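Report on one structure; see the data block that follows.
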Amino acid sequence: YGENDEDVGEVGDLILAGDNKIEAVIVDVGGFLGIGEKEVALAMTDAKVTRDGDARLFVWVPYTQAELEAQPVYEKK
């Protein structure tokens, strides 16, 4: 979720550092029903993870969907 509780994408993957701590979050943004989405990488320092009353995890980032869609595509290299 982003600014104003806007649904900005889905966490697609996590990148671990050498010490097995999460270094980056890969967010799938854009598209429709999974078609046309692109992956963008966000530093874990930009993300806040919370849990709701049903123990579901949510990730909050300080970006709008448009800002995420403007980010370069994450490449696994």
Side-chain angles (χ1 to χ4, degrees):
Y1 288 90
E3 295 180 358
N4 303 320
D5 295 332
E6 174 189 21
D7 184 349
V8 295
E10 296 179 1
V11 173
D13 207 350
L14 301 171
I15 303 298
L16 301 178
D19 59 1
N20 289 328
K21 290 185 179 178
I22 299 172
E23 182 175 304
V25 178
I26 306 302
V27 179
D28 301 330
V29 297
F32 180 72
L33 298 176
I35 299 170
E37 287 181 335
K38 75 174 193 177
E39 296 179 325
V40 298
L42 302 175
M44 191 58 193
T45 55
D46 287 342
K48 178 182 175 187
V49 179
T50 62
R51 195 177 291 269
D52 71 2
D54 294 326
R56 293 179 296 183
L57 291 174
F58 294 87
V59 178
W60 301 89
V61 296
Y63 304 104
T64 64
Q65 184 170 355
E67 290 171 325
L68 290 176
E69 290 175 357
Q71 295 291 320
V73 173
Y74 167 72
E75 295 187 26
K76 295 179 183 173
K77 301 178 201 179

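Side chains included, hydrogens not; waters and symmetry mates left out as well; all remaining heavy atoms used. These numbers were taken from a predicted model, which means no experiment stands behind them. Count residues from 1 along the sequence.
Under the ring pair (Phe, Tyr, Trp, His ring centres under 6.0 Å) criterion, Tyr1 pairs with Phe58, Trp60, not counting sequence neighbours.
Asp13 and Tyr74 form no side-chain donor-acceptor contact under 3.5 Å, judged by distance and modelled atom types alone.
Side-chain atoms of Asp52 come within 3.5 Å of backbone atoms of Asp54 as a donor-acceptor pair (strictly under, hydrogens ignored).
Closest non-hydrogen pair, Ala41 versus Ile26, comes out as CB-CD1, 3.7 Å. Closest approach of Val29 and Val8 over heavy atoms only: CG1-O, 3.3 Å. Of all non-hydrogen atoms in Glu37 and Gly30, the two that sit nearest each other are CG-O, 3.1 Å. Contact record, Glu39 with Asp28: CG-OD1, 3.3 Å, taken as the closest heavy-atom pair. Taking every heavy atom of both residues into account, Met44 and Val25 meet most closely at SD-CG2, 3.5 Å. The two atoms that bring Leu68 and Lys38 nearest to each other are O-CE, 4.0 Å, heavy atoms only.
In the hydrophobic clustering of ILVMFWY residues, with side-chain heavy atoms under 4.5 Å counting as a link, Leu42 and Leu57 come out together.
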Run the side-chain contact (heavy atoms from CB on, under 4.5 Å) test on Asp46 and Val61 for me, step by step, so that the C-alpha distance in whole Å, both residues' side-chain angles and the decisive distance to 0.1 Å come before the verdict. CA-CA 6 Å; Asp46 287 342; Val61 296; 5.5 Å; no
In sequence, state the C-alpha distance, the side-chain angles, and the governing distance for Ile22 and Leu16, and then conclude on side-chain contact (heavy atoms from CB on, under 4.5 Å). CA-CA 5 Å; Ile22 299 172; Leu16 301 178; 3.9 Å; yes
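Put simply, CD on Glu23 and NZ on Lys21 are 12.0 Å apart, with the number rounded to the nearest 0.5 Å. Rounded to the nearest 0.5 angstrom, Gln65 CD and Asp7 CG are separated by 7.5 Å.
In Asp19, the CG atom is crowded: over 12 heavy atoms of neighbouring residues, nucleotides or ligands sit closer than 6.0 Å.
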